[in-house]
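Encoded as structure tokens, the structure appears first; notes follow it.
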Amino acid sequence: MRIDIVTIFPEFFDVLDISLLGKARANGLIELGVHNLRDFTHDRHNTVDDTPAGGGAGMVMKPEPWGEALDSILDSGTSGSDADPIIIFPSPAGVRFDQKMARELADEQHIVFGCGRYEGIDQRVFDEYAERGRVRLVSLGDYVLNGGEVAVMAMIEAVGRLIPGVVGNPESLVEESHEDGLLEYPSYTKPAVWREREVPPVLRSGDHGAIARWRHEQQVERTRRVRPDLLPPELQHDA
Ligand code: 6GU
């Protein structure tokens with residue numbers, strides 16, 4: 001997969017050199033391009049923002065640098081011939097990012113992330129590229145971040161680990177929160193007793209059927225308690 005990021009804070013993404021995703025890049029599973037939006041300005045101060053049309057507080061990102069930056073990525077041929085990229089703008093005004101979207105994005109050949117700052121990006125940028133291809137505004141949740149960089153980092157981590165070969169043991173992807181619509185069951189390891197707290201005996205019973213049933217019950221109970229909105233209808237009887 002090819003990932004391009006447009007941002008005024010390219011250093012933010014230096015951390016993608018490390019950990020699981022760093023290895024995926026070294027292995028060639030993920031190809032990353034980080035582009036400084038200011039490199040696509042032409043004035044002495046590398047201006048990327050201006051006052052909002054119609055007045056109001058804050059600043060809005062100007063369309064021209066975004067146009068030049070995105071054109072250079074879309075025209076550079078890094079996207080491969082078969083698939084046109086999907087362009088994602090992180091925004092609290094977007095549709096909610098979730099595991100289903102992460103799975104869908106993991107199938108993409110090329111994702112372009114446009115990180116807005118200030119009060120947002122001139123609407124015409126979205127309109128322009130939506131006319132030419134797939135554009136999505138995507139939100140992590142109902143709270144406000146100063147800019148899209150942290151959100152893009154989260155999305156890249158969620159998507160990157162679903163690309164085949166990035167996570168060493170694919171089975172570890174199956175039994176985790178959200179993959180089956182429920183929160184994950186609690187995990188334990190050795191020692192069997194720690195500070196007088198015991199590992200549940202069923203997990204030491206060797207009875208794989210009983211263990212699977214116990215884990216499923218724990219998933220349902222935990223989901224009902226902390227995220228009842230996630231419970232599938234057949235499990236929605238009153239506790
Ligand atoms: Cl994707 N961007 C910003 N700026 N704030 C957010 C967000 C995204 N998701 C939640 N809050």
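Since we're looking at a predicted model, the values are computed, not measured. Heads up: numbering here begins at 1 and tracks the sequence. For ligands, and for the atoms within them, numbers begin at 1 and follow the listed sequence.
Annotation for ligand 1: atoms under 4.0 Å from non-hydrogen atoms of Ser139 are 1 (Cl), 9 (N), 10 (C). In summary, the atoms of ligand 1 found under 4.0 Å from a heavy atom of Gly147, numbered by their order in the structure, are 4 (N). Close approach of ligand 1 to Pro90 (heavy-atom distance below 4.0 Å) involves ligand atoms 1 (Cl), 2 (N). Listed by number with element, the atoms of ligand 1 under 4.0 Å from a non-hydrogen atom of Val138 are 1 (Cl). Per-residue contacts place Ala151 under 4.0 angstrom from the following atoms of ligand 1 (heavy atoms of the residue considered): 1 (Cl), 8 (C). Near Leu140, the atoms of ligand 1 lying under 4.0 angstrom from a non-hydrogen atom of the residue are 1 (Cl), 7 (C), 9 (N), 10 (C).
Salt bridge present: Lys100 and Glu104 bring a charged side-chain N and a carboxylate O closer than 4.0 Å.
Between Phe89 and Phe126, the two ring planes are perpendicular [angle over 60°; tilted spans 30° to 60°].
Annotation: Glu157, atom CD; neighbour count of heavy atoms from other residues, nucleotides and ligands within 6.0 Å does not exceed 12.
Of the protein's heavy atoms, Pro92 CD, 3.4 Å lies nearest to atom 3 (C) of ligand 1.
Across Arg224, Arg225, Gln218, a single residue satisfies side-chain hydrogen bond (donor to acceptor under 3.5 Å, both in side chains) together with Glu221, and that is Arg225. The salt bridge (charged side-chain N to carboxylate O under 4.0 Å, His left out) test with Arg132 is passed by exactly one of Asp127, Asp71, Asp84: Asp71.
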Query raised in the report: What's the verdict on salt bridge (Lys or Arg N to Asp or Glu O under 4.0 Å) for Arg222 and Glu184, showing C-alpha distance, side-chain angles and the deciding distance?
Result: CA-CA 8 Å; Arg222 180 182 262 183; Glu184 69 189 342; 5.2 Å; no
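Close N/O approach between Tyr143 and ligand 1 is found [any backbone or side-chain N/O within under 3.5 Å]. Considering backbone and side-chain atoms alike, Leu145 places an N or O below 3.5 Å from some N or O of ligand 1.
In terms of heavy-atom proximity, Val199 sits nearest to Arg204 at O-NH2, 3.2 Å.
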